[in-house]
Amino acid sequence: IWRGRLGGLEYAKTAVALVLLRKVVLGPERFDRAFRRYIDAWAFKSPQPADFFRCMEDGAGMDLAWFWRGWFLETGTLDQAVTDLTYSKDGKQIFLTLTNKGELVMPVEYKVTYNDGTSEVRKMPVEAWATTNQWTAMWDSGGRTVKSVELDPDGVLPDVDLSNNVWPRKK
């Protein structure tokens with residue numbers, strides 16, 4: 001939805017952040033429950049941003065400090081990248097290295113397409129970025145080899161460099 005439109009985010013960043021919080025981070029059910037709680041608590045009052053942040057965290061049951069900091073308090077960008085893909089010596093394990101090149105962090109969703117024509121969508125939680133900017137996901141290949149990997153296959157995230165979101169790199 002937001003691909004290639006980062007410049008427009010200067011004016012719509014809050015709206016985009018709330019859409020991403022609902023669709024990508026919390027999911028509609030958790031977001032809606034937390035947002036209703038916020039409305040009930042602060043209707044006809046004068047809440048500050050910290051009141052919103054706290055109420056949403058309490059209602060969702062999740063620490064969202066990383067989200068508030070990146071989307072509301074700082075000016076960083078999001079740039080997730082596929083850095084490398086290798087196999088174990090016996091060919092049974094796949095090692096996919098992902099890198100967060102920007103200052104914002106978000107969960108990672110990626111589509112793996114195998115040479116036999118099958119594909120699967122895999123996910124990595126945002127907590128993977130808590131202590132590092134590079135993460136290697138590992139899984140059993142089931143004897144298959146990877147044809148391609150694509151980060152954010154639905155185009156939901158406002159990634160600033162789409163050229164590094166696929167493996168192998170398009171020439």
Side-chain angles (χ1 to χ4, degrees), residues 1-9 12-13 15-35 60-71 76-171:
I1 297 171
W2 308 108
R3 287 188 176 199
R5 298 190 178 117
L6 189 61
L9 290 180
K13 190 173 183 180
V16 170
L18 292 177
V19 167
L20 292 175
L21 184 62
R22 185 175 192 267
K23 289 186 175 185
V24 178
V25 178
L26 296 177
E29 185 178 317
R30 283 173 73 189
F31 178 91
D32 292 352
R33 184 178 60 243
F35 198 73
M62 182 178 179
D63 179 3
L64 295 168
W66 61 271
F67 186 82
W68 310 129
R69 184 174 40 259
W71 283 95
T77 59
L78 179 69
D79 185 12
Q80 297 176 342
V82 178
T83 308
D84 193 24
L85 187 138
T86 58
Y87 298 89
S88 60
K89 289 182 183 181
D90 62 7
K92 294 181 180 179
Q93 299 289 320
I94 297 171
F95 301 96
L96 177 69
T97 304
L98 303 170
T99 303
N100 188 51
K101 294 184 167 195
E103 298 82 16
L104 291 178
V105 293
M106 289 293 286
V108 179
E109 185 172 288
Y110 54 99
K111 181 178 180 181
V112 181
T113 303
Y114 298 96
N115 282 333
D116 66 3
T118 62
S119 64
E120 65 179 317
V121 174
R122 303 182 65 84
K123 297 181 180 186
M124 185 180 86
V126 72
E127 290 83 5
W129 304 124
T131 60
T132 184
N133 285 333
Q134 193 167 72
W135 184 263
T136 300
M138 180 188 74
W139 69 95
D140 187 345
S141 67
R144 302 172 292 180
T145 56
V146 175
K147 179 180 179 181
S148 65
V149 175
E150 180 184 9
L151 295 183
D152 187 27
D154 295 328
V156 177
L157 301 177
D159 194 302
V160 296
D161 182 3
L162 301 178
S163 70
N164 60 23
N165 287 15
V166 294
W167 181 93
R169 296 280 185 263
K170 294 180 181 178
K171 297 175 183 177

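Just the heavy atoms: all of them, side chains too, but no hydrogens, waters or symmetry mates, feed the values below.
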Given side chains that start at C-beta, do those of [X] and [Y] come closer than 4.5 Å, heavy atoms only?
| X | Y | answer |
| --- | --- | --- |
| D84 | F95 | no |
| F67 | V126 | no |
| F35 | L26 | no |
| W71 | K13 | yes |
| V166 | V82 | no |

Distance-minimising heavy-atom pair for [X] and [Y]:
| X | Y | value |
| --- | --- | --- |
| D161 | D159 | N-OD1, 2.9 Å |
| R144 | Y87 | O-CE2, 4.2 Å |
| A34 | A60 | CB-N, 3.7 Å |
| G91 | S141 | O-OG, 3.1 Å |
| E127 | M62 | OE2-CE, 4.2 Å |
| G76 | E103 | CA-OE1, 3.3 Å |

(message) Does atom CH2 (W135) have a neighbourhood of more than 12 heavy atoms from anything else shown, all under 6.0 Å?
(response) no
(message) Does atom CD (E29) have a neighbourhood of more than 12 heavy atoms from anything else shown, all under 6.0 Å?
(response) no
Euclidean distance, [Y] [atom2] relative to [X] [atom1], rounded to 0.5 Å:
| X | Y | atom1 | atom2 | value |
| --- | --- | --- | --- | --- |
| D140 | K92 | CG | NZ | 8.0 Å |
| L18 | K23 | CG | NZ | 12.5 Å |
| T99 | Q80 | OG1 | CD | 10.5 Å |
| Y114 | S148 | OH | OG | 10.5 Å |
| D154 | D152 | CG | CG | 7.0 Å |
| L78 | L104 | CG | CG | 5.5 Å |

(request) Evaluate the criterion side-chain contact (heavy atoms from CB on, under 4.5 Å) for residue pair W129 and M124; output intermediate values, then yes/no. (result) CA-CA 10 Å; W129 304 124; M124 185 180 86; 3.2 Å; yes
(message) Among T97, T136, V146, which residue satisfies the side-chain contact (heavy atoms from CB on, under 4.5 Å) criterion with L85?
(response) V146
Taking distance alone, no hydrogens or angles, what donor-acceptor pairs closer than 3.5 Å link side-chain atoms of residues 105-113 to residues at least two apart or in another chain?
none

(request) Please identify each residue that fulfils salt bridge (charged side-chain N to carboxylate O under 4.0 Å, His left out) with R30, with sequence neighbours left out. (result) none
(request) Return yes if a side-chain donor-acceptor contact under 3.5 Å exists between D79 and N164, otherwise no. (result) yes
(request) Would you check if there is a donor-acceptor pair between the side chains of S163 and R169 at a distance under 3.5 Å? (result) no
(request) For the pair V25 and L64, evaluate side-chain contact (heavy atoms from CB on, under 4.5 Å) and give the outcome as yes or no after the intermediate values. (result) CA-CA 9 Å; V25 178; L64 295 168; 4.0 Å; yes
(message) Before you tell me yes or no, could you show the steps for L96 and V149 under side-chain contact (heavy atoms from CB on, under 4.5 Å), namely the whole-Å CA-CA distance, both residues' side-chain angles and the distance that decides it to 0.1 Å?
(response) CA-CA 9 Å; L96 177 69; V149 175; 4.0 Å; yes
(message) Applying side-chain hydrogen bond (donor to acceptor under 3.5 Å, both in side chains), can you list everything that pairs with N133, at least two apart in sequence or on another chain?
(response) none
(message) Test side-chain contact (heavy atoms from CB on, under 4.5 Å) on M138 and I94; report intermediate values, then the result.
(response) CA-CA 5 Å; M138 180 188 74; I94 297 171; over 6 Å; no
(request) Decide, yes or no, whether a salt bridge links D116 with K147 under the criterion of side-chain N to carboxylate O below 4.0 Å. (result) no
